Amino acid sequence: MSVSLLRNTAFLPSIPLGIQTIYSAKMRSSLNQETPSQKNLGCDGSGGSSVPELRVFIRRKRVKKTVEVIAKEVKEESSGKKFVRLPEIEDFSYSKDVTHSQSTPSKSVHLTGEKALSQLTQTEIKGFSLSDPLQPPLNWEKVLEGIRKMRSAEDAPVDSMGCEKAGSSLPAKERRFAVLVSSLLSSQTKDQVNHGAIQRLLQNGLLTADAIDSADEETIKSLIYPVGFYTRKASNLKKVAKICLSKYNGDIPNSLEELLLLPGIGPKMAHLVMNVAWENVQGICVDTHVHRISNRLGWVSRPGTKQKTKTPEETRESLQLWLPKEEWVPINPLLVGFGQTICTPLRPRCAICTVSDLCPSAFKEAASPSSTPKK
DNA sequence: ATCCGGTCAC
DNA sequence: GTGACTGGAT
């Protein structure tokens with residue numbers, strides 16, 4: 001309840017540095033209809049069953065001249081479910097994702113500066129009772145279900161083949177390497193073209209770190225042609241093979257951080273490789289379709305605002321704050337296919353979309369002049 | 001002519 | 001943030 005939250009946070013400054021402290025607060029569901037003043041104050045303590053209890057884990061430590069306050073995590077008491085979303089405040093920055101082995105990635109808000117303590121107090125009240133940022137978007141399950149239905153009716157290119165199938169008949173280690181290579185080649189390239197390139201590499205025995213390392217770059221280049229950016233990719237492939245050989249005994253890195261060190265592997269592919277090669281879901285694989293559609297649906301926003309996310313990475317972080325982990329892997333093929341057939345970048349086909357009534361962007365984009373070219 | 005299922009360097 | 005890398009498709 002907000003009263004105890006206020007009281008607790010009020011004596012925060014007296015708590016010794018470095019001690020982890022736990023605060024409890026009751027959070028009112030955003031679905032409840034109530035007056036703003038009630039919202040602002042949160043539950044008055046009558047303890048309705050619709051009000052889940054939250055805990056905030058807070059750590060304080062001294063950083064140079066100021067005190068840094070870190071709200072470690074938020075979790076719902078009743079279900080035990082952890083939330084990693086922390087509320088809107090001014091003058092703060094999100095820390096980088098911290099991933100705990102196989103568990104849910106967590107995120108913390110770092111507050112630094114003189115006003116950190118008072119900011120945190122405001123934040124908790126605002127976040128838990130008013131703006132209620134822990135709630136997933138309204139109707140997201142209906143939207144997802146609708147998209148699934150549309151996807152099973154239509155046939156999108158993504159259905160036919162993807163790099164997740166690369167080398168499915170190979171021994172584990174070679175299969176992982178094949179997945180990595182396939183990811184490397186597949187950016188900005190149609191699956192079919194990519195698949196052909198992988199087949200040619202395989203037929204020439206060039207789908208292991210060892211073979212690629214000793215092969216001629218020109219040979220690789222000609223085999224992977226015509227995947228997009230084949231010159232650069234051939235060069236990256238050589239470098240990656242060498243790294244895999246020297247640092248990982250010919251296998252591929254098994255962590256997100258190490259995958260990102262490989263040339264040609266960025267966040268999108270690193271998450272894909274973790275998902276597919278290691279079956280270890282560290283994050284959502286966000287490509288341009290997932291990015292675009294998440295924003296159209298109003299599923300993501302820049303931290304603490306209602307603005308659209310600007311990059312796929314921002315989208316990934318925003319999505320991961322509320323989307324249940326079971327959906328992290330399937331969301332990509334689902335939205336990619338949807339984005340290829342219906343929710344296209346240009347002139348989305350809202351008229352045939354069965355979830356347009358739940359989409360804040362439906363029919364909003366300039367119905368572009370397919371028949372009225374203005375120049 | 002313009003659009004890609006991305007990454008990297010300025 | 002912006003553009004280069006690349007060539008095929010619409």
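By convention in this document, chain letters (A, B, ...) are assigned in the order of the sequence lines, proteins followed by strands, and residues within each chain are numbered from 1. Computed from a predicted structure; not experimentally measured.
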* Structure fact -> A/R232 atom CZ is separated from B/dT7 atom C1', nearest whole Å, by 8 Å

* Asked: Heavy atoms under 4.0 Å, any strand shown: does A/L185 hit a base, just sugar-phosphate, or nothing?
  -> nothing

* Asked: Distance between the C1' atoms of C/dT6 and B/dT2, in whole angstroms?
  -> 15 Å

* Any idea which heavy atoms bring A/L237 and A/I220 closest together, and the distance? -> CD2-CG2, 3.7 Å

* To do: Would you mind telling me which residue lines up with the more 5' stretch of DNA chain B, A/L262 or A/T189, judged by nearest nucleotide?
  => A/T189

* **pair A/P263-A/V240: side-chain heavy atoms closer than 4.5 Å** => yes

* Write down the distance between NZ (A/K190) and C1' (C/dG8), rounded to a whole number of angstrom. => 8 Å

* **Distance, rounded to the nearest Å, where A/L237 contributes CG and C/dC5 contributes P** => 20 Å

* Starting from P on B/dG5, measure out to CD1 on A/I293 and report it in whole angstrom. => 11 Å

* Expressed in angstrom and rounded to an integer, what is the separation of A/L184 atom CG from C/dT6 atom C1'? -> 15 Å

* Asked: Expressed in angstrom and rounded to an integer, what is the separation of A/K233 atom NZ from C/dA4 atom P?
  -> 18 Å

* Asked: Is a side-chain donor or acceptor of A/S222 paired with a backbone partner of A/T219 at a separation under 3.5 angstrom?
  -> yes

* Within the structure shown, what part of the strands sits under 4.0 Å from A/P263 by heavy-atom distance: base, sugar-phosphate, or nothing? -> sugar-phosphate

* To do: Return yes if the base of B/dG5 and the side-chain atoms of A/D191 contain a donor-acceptor N/O pair under 3.5 Å, otherwise no.
  => yes

* Looking at side-chain heavy atoms only, is the closest gap between A/L180 and A/L259 below 4.5 Å? -> yes

* Asked: Given atom CD1 of A/I331 and atom C1' of B/dG5, what is their separation to the nearest angstrom?
  -> 15 Å

* For the side chain of A/M269, counting heavy atoms from C-beta on, which of B/dG5, C/dC5, B/dG6 is nearest? -> B/dG6

* Asked: Considering only the P atoms, how many Å lie between B/dG5 and C/dT10, rounded to the nearest integer?
  -> 12 Å

* Structure fact -> Per atom distances to the A/H289 side chain, the nearest of B/dC4, B/dT7, B/dG5 is B/dG5

* Kindly confirm whether the side-chain ring of A/F229 is stacked on the base of B/dG6, judged by centres under 5.5 Å and planes under 30°. => yes

* Mind jotting down which residue pairs meet the ring pair (Phe, Tyr, Trp, His ring centres under 6.0 Å) criterion with at least one end in residues 212-252 of chain A? Sequence neighbours excluded, please. => A/Y225-A/Y230

* What nucleotide among B/dG5, C/dG8, B/dC4 has an atom nearest to a side-chain atom of A/Y225? -> C/dG8

* Asked: Rounding to a whole Å, what distance do you find between A/F338:CZ and B/dG5:C1'?
  -> 16 Å

* **Short side-chain N/O contact to C/dT6 OP1/OP2 from A/T231, under 4.0 Å** => yes

* Looking only at side-chain atoms of A/K310, point me to the closest of B/dG6, C/dG1, B/dG5. => C/dG1

* Taking NZ, NE, NH1 and NH2 as the nitrogens, is one of them in A/K149 or A/E145 under 4.0 Å from a carboxylate oxygen of the other? -> yes

* Asked: Side-chain N or O of A/Y230 less than 4.0 angstrom from OP1 or OP2 on C/dG7?
  -> yes

